[in-house]
Amino acid sequence: MSQPARVRFAPSPTGFLHIGGARTALYNFLLARQTGGQFLLRIEDTDQKRLVPGGLEDLLASLRWLGLQWDEGPEADGVCGPYLQSQRKEIYQAHADELIARGSAYICFCTPARLAELRTRQQQRKESPRYDGLCRRLTPAEAEARVRAGEPHVVRFKTPREGATTVVDVLRGEITVHNKDLDDSILLKSDGWALYHLAAMVDDHLMMITHVIRSSEWLPSLPLHAMIHRAFGWDEPKWCHLSVFLKPSGKGKMSKRESAELMKEGHSVFVRDLRELGYTPEGVINWIALMGASFDEKQDVFSLPELVERFSLDHLTPAAAAVNFTKADHFNGVHLRRLAPEELARRMRPFFEKAGLAADEALLRRIAPLIQERVVTLDDGVEMAGFFFREHVVSAASDLVGKGMTSQASTEAVHAASEILADHADLADPALEAKLRDLAERLGLKPGQLFGILRAAVTGQTVSPPLFGSMAIIGREKVLARLGAAERTLRAM
RNA sequence: GCCCCCAUCGUCUAGAGGACCAGGACGCGGCCCUUUCAAGGCCUAAACCGGGGUUCGAAUCCCCGUGGGGGCACCA
């Protein structure tokens, strides 16, 4: 085992937690647990304009639902707090000052208007938009005087103009860029707030982060981030940039509109939606863990503890991965089948209640084994087993007529079956099935023909959980009542 | 436009120079089991982006091309 890793998930609460963020959080969590280290949650909320109401709450709830509890962060105080960047403004300002003192940053007075104009000119000339370094020429005395005079200003990083910067990414090896291709990025805005580049690097250092595991959209600014660490004289953390998720077609990232379309098909990229759609934390975790990774040559079903055991950054792949919702269903079904029936019942209950069915827990517990290998998501049970909770079921007349049979023959079959069933106080009697098979034979029917009619009569469905198990749970009285109703429907044809 | 990253079945991936007529999983198709639907079991089809090198030997290393992705904000 490697040294204990101190890692962090550092989202910005500008929306609801999606599977990309969840997977980043998961890998951080796994490395921390795997190495006996700590998993921190830091909220990057320096840009108050972009915050979404309820975003933070959703984030904490989604992470907890997935089972990714953080060791330090909001609602889990630690020695490195506060863990909300909005409460760390002065820390960043002090570090910006230090960078200026070290000659690695400078104060810039250029107005947004000049910057915009500069950018336009550069684009017209087909040059990359970059700050021209005008304020680099200011002497410290000049700069200080203008600051004191109240002139608006930002702090920029003084990126070397010559040479190249090399940074090592765990998944990709050395990445080298020419410094001339880099910009003098802004570190501190004119309102005094730090930008991500400064805030995140300062916090990662102060919070003693050993591995920065984040989305690969940060790769382009990796050289800047490494230079910031180096400018302070700090040791760099290990950098690990995760592959991005592409839409199912593999062409491009998921857009907002596509996410809405997905929801209609029972899929989503948002954790809160997945939960509502009847996915389990186990299924979602398993699904996203394997998008961009492989932990075993012969096995791909894992629980969270199993993932902790096997996790290693070496198992991650740098290539982008297309999201595959069919696979989410598969993993969800697998994990649903792994649940103890009582647990399945407990988890399905809210979905029955949401559907307006008074789901008695004891009854649900008896039903669970019957539908366990049939449900893909927790809400599937409602459609599959709703008939257990309803007083009456309505069967379509056409469904009550056996395959290849007349309504007359079907009526007789229902009637004869009712008489046999009436003889059994307990429909769980194992002899019952043999008797009904005998009946089928006597009537010259295949078992499937008779059972099909009974299924439709008793459950109101053509597809249902096993007939005998279902009847045993429904009970003789109700079964006979439903059969009687079916007989009346058939006679009326 | 510029910079960076990536490239094995439809999809997620195994593969770190000979163990590969390329393995697993999802999905697809077929068979078995079966009262429906599932689940389960068995089987089939399906890939090393292209071109140059290096090497006795390349899916694996290098270069070029192509394709895909990401980034170029006083957002994160």
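Chain identifiers are assigned alphabetically (A, B, ...) following the order of the sequence lines, protein sequences preceding nucleic acid strands; residue numbering begins at 1 within each chain. Remember, it's a predicted structure, so these values are computed and weren't measured experimentally. The figures here come from the full heavy-atom set of this structure, side chains too, leaving out hydrogens, waters and symmetry mates.
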Give [X] one of three labels, base, sugar-phosphate or nothing, depending on what nucleic acid heavy atoms sit under 4.0 Å from its own.
X        : result
A/Lys49  : sugar-phosphate
A/Thr14  : nothing
A/Val177 : sugar-phosphate
A/Thr326 : sugar-phosphate
A/Thr317 : sugar-phosphate
A/Cys108 : nothing
A/Gly333 : nothing
A/Trp193 : nothing

Using Watson-Crick or G-U wobble geometry with both distances below 3.5 Å, tell me the partner of [N], or none.
N      : answer
B/rG1  : B/rC72
B/rC26 : B/rG10
B/rA47 : none
B/rC21 : none
B/rU36 : none

When you get a sec, tell me which of [options] is the closest nucleotide to the side chain of [X]?
X        : options               : value
A/His330 : B/rA14, B/rC3, B/rC26 : B/rC26
A/Glu217 : B/rA76, B/rC74, B/rG1 : B/rA76
A/Glu297 : B/rA76, B/rC5, B/rA14 : B/rA14
A/Asn324 : B/rG10, B/rC5, B/rC74 : B/rG10
A/Lys126 : B/rG1, B/rC75, B/rA73 : B/rG1
A/Asp181 : B/rC2, B/rC26, B/rC75 : B/rC2
A/Lys327 : B/rA7, B/rC12, B/rC74 : B/rC12
A/Ile175 : B/rC12, B/rC4, B/rG23 : B/rC4
A/Ser294 : B/rA7, B/rA14, B/rC75 : B/rA14
A/Pro318 : B/rU13, B/rC6, B/rA76 : B/rC6

Taking for each residue the nucleotide of RNA chain B with the nearest heavy atom, is it A/Leu182 or A/Gly250 whose nucleotide lies nearer the 5' end?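 Nearer the 5' end of the strand: A/Leu182.
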Pairwise 5' ranking along RNA chain B for A/Ala322 and A/Glu127, keeping only the more 5' one: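 Its nearest nucleotide lies further toward 5', so the answer is A/Glu127.
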On a whole-Å scale, what distance lies between the [atom1] atoms belonging to [N] and [M]?
N      : M      : atom1 : value
B/rC4  : B/rC64 : P     : 12 Å
B/rG15 : B/rC31 : C1'   : 32 Å
B/rG10 : B/rC48 : C1'   : 16 Å
B/rG50 : B/rC9  : P     : 10 Å
B/rC26 : B/rA19 : P     : 27 Å
B/rC63 : B/rC56 : C1'   : 22 Å
B/rG18 : B/rA45 : P     : 27 Å
B/rA58 : B/rG53 : P     : 12 Å

Among A/Lys158, A/Arg161, A/Arg130, which one satisfies salt bridge (Lys or Arg N to Asp or Glu O under 4.0 Å) with A/Asp184? A/Arg161
Give me the one residue out of A/Asp97, A/Thr46, A/Asp203 that meets side-chain hydrogen bond (donor to acceptor under 3.5 Å, both in side chains) with A/Tyr92. A/Asp203
Spell out protein contact along nucleotides 31-49 of chain B as letters: B when the base is contacted, S when just the sugar-phosphate is, - when no protein heavy atom is under 4.0 Å; keep the 5' to 3' order. ----BBBBSS---------
Mark yes or no for whether [X], through its side chain, and [Y], through its backbone, hold a donor-acceptor pair below 3.5 Å.
X        : Y        : answer
A/Gln372 : A/Leu339 : yes
A/Arg437 : A/Pro447 : no
A/His335 : A/Phe331 : yes
A/Asn332 : A/Val284 : no
A/Ser216 : A/Leu219 : no

For A/Leu40, the option from A/Asp204, A/Ile209, A/Val7 that meets side chain to side chain contact (heavy atoms under 4.5 Å, CB included):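 Option passing the side chain to side chain contact (heavy atoms under 4.5 Å, CB included) with A/Leu40: A/Ile209.
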Side chain to side chain contact (heavy atoms under 4.5 Å, CB included) between A/Lys247 and A/Leu262: does it pass, once the steps are laid out? CA-CA 11 Å; A/Lys247 44 186 159 179; A/Leu262 274 171; over 6 Å; no
May I have the distance from [X] (atom [atom1]) to [N] (atom [atom2]), rounded to whole angstrom?
X        : N      : atom1 : atom2 : answer
A/Leu316 : B/rU13 : CG    : P     : 10 Å
A/Leu242 : B/rU13 : CG    : P     : 11 Å
A/Asn286 : B/rC12 : CG    : P     : 17 Å
A/Asp300 : B/rG24 : CG    : C1'   : 8 Å
A/Ile288 : B/rU13 : CD1   : C1'   : 17 Å
A/Leu290 : B/rA25 : CG    : P     : 13 Å
A/Arg156 : B/rA73 : CZ    : C1'   : 10 Å
A/Tyr196 : B/rG71 : OH    : P     : 13 Å

Cation-aromatic face contact A/Arg310/A/Phe295, 6.0 Å, 45 degrees: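 The answer is no, since A/Arg310 fails at least one limit relative to A/Phe295.
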Any side-chain N or O of A/Ser243 under 4.0 Å from OP1/OP2 of B/rC5? no
Ignoring hydrogens and angles, state whether a donor on the side chain of A/Asp399 or A/Thr462 is under 3.5 Å from an acceptor on the partner side chain.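 No, no side-chain donor-acceptor contact under 3.5 Å.
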